[in-house]
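Throughout, protein chains are lettered first and strands after them, A, B, ... in sequence-line order, and every chain is numbered starting at 1. Worth saying up front: this structure is predicted, and the values here are computed from it rather than measured.
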Amino acid sequence: MIFDNKFIQQRIEKAKLLKAEGINPYANDSKRNTTIEKYLNVNSDVVNKENKRDEHRHYTISGRIKLLRIMGKASFLQLEDESGTVQVYVARDHLPEDFYNNIFKKYIEVGDIIEVSGYPFVTGQGELSLHASEFKLLTKAIAPLPEKFHGITDKETRYRKRYLDLIMNAEVRKTFKIRSKVISLTRRFFEDKGFLEVETPMMHPIAGGANAKPFVTHHNALGIDRFLRIAPELYLKRLIVGGFEAVFEINRNFRNEGMDATHNPEFTSIEFYWAYKTYKDLIKITKEYFEYLFEHLNLPTLLPYGELEVNFDNFTEIPLIESLSSIGGVPSEIVNDKDKIIAFLNSKNITVKPGMNLGQLQGELFDEFVEEKLIDPTFITEYPVEISPLARRSDVNPDITERFELFIAGREIANAFSELNDPVDQLGRFEGQMSAKDSGDDEAHEMDEDFVEALSYGMAPTAGQGIGIDRLVMLLTNEHSIRDVLLFPAMRPLSNDENNAQGEEA
RNA sequence: GUCUUGUUAGCUCAGCUGGUAGAGCACGUCACUUUUAAUGAUGUGGCCGAUGGUUCGAAUCCAUCACAGGACACCA
C-alpha cells in the first residue's frame with residue numbers, strides 16, 4: 001500500500017503523537033509576515049551592528065526544513081521558501097518551557113513545513129540568520145525527502161514527481177519562472193502591438209491547420225467524435241475573414257505522434273495573424289519580438305546553447321535556394337535540376353524516395369546540408385511551393401512562396417507566411433490532399449469545406465506565423481529536452497505489476 | 001519503430017569471470033549551546049524492475065516483458 005514504507009509509518013506515528021500533545025500537525029493559522037528573501041535584504045545591515053544582532057526587530061517566516069543540525073541544547077536548521085533559504089538558530093533556553101526537548105527534538109525533522117519568529121543576528125561564521133523565540137509546526141511531511149547532498153537526480157523520478165524535483169532542485173524553479181515570463185512577455189508584446197488575444201476551440205470537428213495525426217474524443221450528447229486540435233490556424237483565419245485585423249492565440253496543440261527530446265504530445269505555441277501585412281512584415285516583428293524578450297528577461301544576446309554559442313544580435317535572411325550553396329556547400333549549378341540533385345544525394349549515400357518533385361528534393365538538400373549549420377538566428381525565405389501547401393505564391397516567381405522559417409541553433413523555431421486567401425485555390429489544394437489521403441498518406445490535410453466557405457467571403461491579404469514556445473524556452477534556458485521545460489511532461493503510466501501478473505495467470 | 005545503456009535500502013551509488021547483499025545520506029538510540037553535506041558512538045533497514053530458463057547454486061549468465069535515459073528514423 002502507499003504508506004507501508006517504514007519511514008513513512010514512523011512519521012505518521014510522530015504526527016499522531018503530536019496530536020496527543022495537543023499540537024495540530026496540519027495547522028492552518030500561519031502568521032508569516034515576510035518572505036525569506038525580504039528578511040535577508042532588510043536585515044543585511046545587522047552585520048555592522050555592535051553585537052551582530054538586533055533584538056528589537058521581530059519577524060515571522062515560514063518554509064520547509066531542508067537541513068537540520070541538532071547539537072544538544074541548540075540546533076541550526078536551513079529553512080527554504082519560494083524566495084530563498086535562511087539559517088535559523090533554535091536554542092532550548094529561548095523557546096517556551098520544554099518545547100525544545102519534548103517537541104522539537106522528538107517530532108520535527110527535515111521536510112516539515114514550519115513557522116519561526118525571532119530576531120536577526122549574524123553567526124560566528126558570518127551568516128545572517130534568524131534567532132528563534134517562537135516555533136510552530138505548520139505541516140508534517142510524512143514522506144522523507146531524498147538525500148540532502150545529491151538530491152534527486154533520476155530523470156524518470158524528476159519528471160513523474162515534479163513536485164519532488166522542485167523541492168530538491170531550486171534551479172528547476174528558475175527554468176519554469178523563465179518559461180512563465182516568456183509567455184507573459186509574449187502576450188504583452190502582441191497586445192502592445194494592437195493584437196487581440198482570442199480563444200478558439202480545442203475540440204475540432206475536423207483536425208486541420210497542419211499535417212498530423214489527431215487525438216480523438218467523443219461527445220456523448222451529440223453522439224459524435226471530436227478531435228483535439230493539431231493547430232488553431234483555420235479558426236484564426238476565420239476571425240480575419242470576420243474583420244479582426246490582428247489576432248493571436250497562445251495555447252496547447254495536441255499531436256498523436258512520437259515523443260522525444262523535442263516532441264511532447266501536447267505542446268504550446270503562439271499563432272498570430274495580421275491583416276494587410278506580408279511575410280516581410282513578419283520578419284521585422286519577429287526581430288522586434290526577440291529584442292523585446294531579451295531586454296525584459298535581462299539576458300545577454302550572446303547565449304550558450306550546449307556546445308554552441310548563439311548571437312541573438314545577428315539575425316540574417318537568405319532565400320532557401322541560395323542557402324543550399326552558400327551555406328550548405330551544394331554546387332550551385334545542380335540546385336535547380338531534379339536529376340542532378342538525385343545524383344548528388346546518392347553520391348553522399350543519401351537515399352531518395354522515388355517520385356519526389358524538385359521542391360521536395362530542395363527541401364531534402366536543405367535538411368541534409370543547411371539546417372544544422374544555422375546557429376545564429378536565420379530567416380530562410382522563399383520556400384518551394386511544393387512543400388508549402390498553405391502559403392501564398394510569390395507574385396514574381398510562381399515556383400516559390402512568400403514564406404520563411406526561422407532557425408536558431410540548428411532548430412526550427414518559427415514558421416510563417418503570407419496566407420493563401422484565394423478560396424478556389426484553397427479548395428483545389430484540399431482536394432489534392434484528399435487524393436494523397438486516398439493513396440495512403442494518413443497525415444494529409446482533411447477537407448474543410450466550412451473553412452473554404454469562410455474564405456469565399458473574402459479574407460484580406462494576411463500574414464500569419466507560429467512559434468513553438470517550448471522550443472523557444474529550451475533555447476533561452478539552455479535545456480536540451482522538451483521535458484525539462486514542461487512541468488508535467490507526458491509519461492507512460494507505470495504498470496501495476498502485481499495486478500497484471502495475477503490477472504494473466506488466473 | 002530501430003539500436004543502445006540502465007533499473008540493487010526512502011535518496012545517491014558499489015557489488016569482478018555465478019557461492020547466503022555493501023557504503024554514504026536519511027531514520028532509531030546516546031553525547032554535544034555557533035553549526036554549514038555539523039561531529040562522535042551505536043543500531044534498524046532489501047522479493048537486487050517482472051516473468052521464465054541454464055546451474056547443485058543467479059543481483060551476477062541467457063531469453064522475453066515493463067519503464068526510463070541517449071542516439072537514429074518518422075513527424076512540424
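- In a base pair of the Watson-Crick type (N1 to N3 plus N6-O4 or O6-N4) or a G-U wobble (N1-O2 and O6-N3), with each distance short of 3.5 Å, B:G6 is matched with B:C67.
- Taking A:Lys105 as the reference, A:Ile70, A:Tyr100, A:Asn101 meet the side chain to side chain contact (heavy atoms under 4.5 Å, CB included) condition, with sequence neighbours excluded.
- No hydrogens or angles were tested; on distance alone, nothing pairs the side chain of A:His150 with the base of B:C11 as donor and acceptor under 3.5 Å.
- The partner of B:C32, taking Watson-Crick or G-U wobble pairs whose two distances both stay under 3.5 Å, does not exist in any strand shown.
- Going from the P atom of B:U60 to that of B:U7 covers 12 Å, rounded to whole Å.
- In the region residues 66-74 of chain A, proximity to RNA chain B at under 4.0 angstrom, judged on heavy atoms, holds for A:Leu67, A:Arg69, A:Ile70, A:Met71, A:Gly72, A:Lys73, A:Ala74.
- Separation of the C1' atoms belonging to B:A59 and B:G6 is 14 Å when rounded to the nearest angstrom.
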Would you be so kind as to tabulate the donor-acceptor pairs closer than 3.5 Å made by side chains of residues 483-492 of chain A, with sequence neighbours excluded?
from, atom 1, to, atom 2, distance (Å)
A:Arg483, NH2, A:Ala490, O, 3.3
A:Asp484, OD1, A:Tyr159, OH, 2.9

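- Nucleotide B:C27 is matched to B:G43 when pairs are restricted to Watson-Crick or G-U wobble geometry with both distances under 3.5 angstrom.
- The separation between A:Glu13 atom CD and B:C27 atom P is 17 Å, rounded to whole Å.
- Under the rule for a salt bridge (charged side-chain N to carboxylate O under 4.0 Å, His left out), the partners of A:Glu109 that lie at least two apart in sequence or sit in another chain are A:Arg11, A:Lys14, A:Lys140.
- Using a 4.5 Å heavy-atom cutoff, the side chains of A:Glu233 and A:Lys237 are in contact.
- When the side chain to side chain contact (heavy atoms under 4.5 Å, CB included) test is applied to A:Thr278, the partners found at least two apart in sequence or on another chain are A:Lys280, A:Asp281, A:Glu402, A:Ser418.
- B:G10 atom C1' lies 12 Å from atom OH of A:Tyr163, rounded to whole Å.
- Rounded to whole Å, the P atom of B:C61 lies 16 Å from the corresponding atom of B:U8.
- Looking at A:Thr477 and A:Arg179, their side chains never bring a donor and an acceptor atom within 3.5 Å of each other.
- When Watson-Crick and G-U wobble pairs are counted only if both distances are under 3.5 Å, B:G1 pairs with B:C72.
- Proximity of residues 120-148 of chain A to RNA chain B (heavy atom under 4.0 angstrom from any strand atom) is restricted to A:Phe121, A:Thr123, A:Gly124, A:Gln125, A:Glu127, A:Pro146, A:Glu147, A:Lys148.
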Criterion side-chain contact (heavy atoms from CB on, under 4.5 Å) on A:Leu345 and A:Leu361, from CA distance to verdict:
CA-CA 9 Å; A:Leu345 285 169; A:Leu361 287 166; 4.2 Å; yes
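- Remark: A:Arg158 engages A:Asp165 in a salt bridge (charged side-chain N to carboxylate O under 4.0 Å, His left out) (not counting sequence neighbours).
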Contact list (N/O, under 3.5 angstrom) for nucleotides 70-73 of chain B vs protein:
none

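- A donor-acceptor pair shorter than 3.5 Å cannot be found between the side chains of A:Asp81 and A:Thr35.
- Atom-to-atom, CD of A:Gln78 to P of B:U34 comes out at 17 Å; the value is rounded to the nearest Å.
- Here B:U17 sits opposite no nucleotide as a Watson-Crick or G-U wobble pair (both hydrogen-bonding atom distances under 3.5 Å).
- Remark: A:Glu266 pairs with A:Arg252 by the salt bridge (charged side-chain N to carboxylate O under 4.0 Å, His left out) rule, at least two apart or across chains.
- Comparing B:A63 with B:G18, their P atoms sit 16 Å apart, to the nearest whole Å.
- Contact annotation: A:Lys105 does not reach the phosphate of B:C32 (side-chain N/O to OP1 or OP2, under 4.0 Å).
- A gap of 15 Å separates the C1' atoms of B:G69 and B:G49, to the nearest Å.
- Between A:Met474 and A:Ile482, some side-chain heavy-atom pair lies under the 4.5 Å cut-off.
- Of all heavy-atom pairs spanning A:Ile230 and A:Ala210, the tightest one is CD1-O, 3.3 Å.
- Heavy-atom nearest nucleotides on RNA chain B were determined for A:Thr153 and for A:Lys14, and the one closer to the 5' end corresponds to A:Thr153.
- A gap of 12 Å separates the P atoms of B:A21 and B:A58, to the nearest Å.
- Between the C1' atoms of B:G45 and B:A9, the separation comes to 7 Å (whole Å).
- Residue-level contact check: A:Gly468 touches neither bases nor backbone, having no heavy atom under 4.0 Å from any strand.
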Verdict with supporting geometry, A:Ile108 and A:Phe135, side-chain contact (heavy atoms from CB on, under 4.5 Å)
CA-CA 11 Å; A:Ile108 301 299; A:Phe135 186 105; 3.8 Å; yes
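- When only modelled atom types and interatomic distance are considered, A:Gln87 and A:Thr123 share no side-chain donor-acceptor pair under 3.5 Å.
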Could you pull out every donor-acceptor pair under 3.5 Å between side chains of residues 380-388 of chain A and any protein atom, sequence neighbours left out?
from, atom 1, to, atom 2, distance (Å)
A:Tyr383, OH, A:Glu405, OE1, 3.4
A:Glu386, OE2, A:Gly359, N, 3.2
A:Ser388, OG, A:Pro384, O, 3.0
A:Ser388, OG, A:Arg403, NH1, 2.7

Below 3.5 Å between N/O atoms, which protein atoms pair up with nucleotides 4-8 of chain B? Just atom names and distances, please.
none

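- B:U2 and B:C62: their C1' atoms are spaced 22 Å apart (whole Å).
- Between the C1' atom of B:G10 and the CD atom of A:Glu109 lies a distance of 12 Å, rounded to the nearest Å.
- Note: CG (A:Asn101) to P (B:U29) measures 13 Å, nearest angstrom.
- The closest side-chain heavy-atom distance from A:Pro120 to A:Leu128 is below 4.5 Å.
- As a whole-Å value, the separation of A:Met168 CE from B:G10 C1' is 12 Å.
- A:Tyr119 and A:Ser133 are not linked by any side-chain donor-acceptor pair at a separation below 3.5 angstrom, with hydrogens and angles left out of the test.
- In summary, A:Glu446 and A:Lys213 do not engage in a salt bridge, as defined by a charged side-chain N under 4.0 Å from a carboxylate O.
- Taking atom CG of A:Leu164 as the reference point, atom P of B:U12 lies 10 Å away to the nearest angstrom.
- A 3.5 Å limit on both hydrogen-bonding distances identifies no Watson-Crick or G-U partner for B:U60.
- At a threshold of 4.0 Å, the pair A:Arg392-A:Asp425 does not count as salt-bridged, since none of the basic side-chain nitrogens sits closer than that to a carboxylate oxygen.
- A:Arg160 comes within contact range of the sugar-phosphate backbone alone, with a heavy-atom separation under 4.0 Å but no base atom that close.
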Please list each protein N or O that sits under 3.5 Å from an N or O in nucleotides 42-45 of chain B, with the distance.
from, atom 1, to, atom 2, distance (Å)
B:G45, O2', A:Lys6, NZ, 2.2

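- Contacts of A:Asn415 with the nucleic acid, taken as non-hydrogen atoms under 4.0 Å apart, include base atoms.
- Remark: P of B:C75 and CZ of A:Phe215 are 18 Å apart, rounded to the nearest angstrom.
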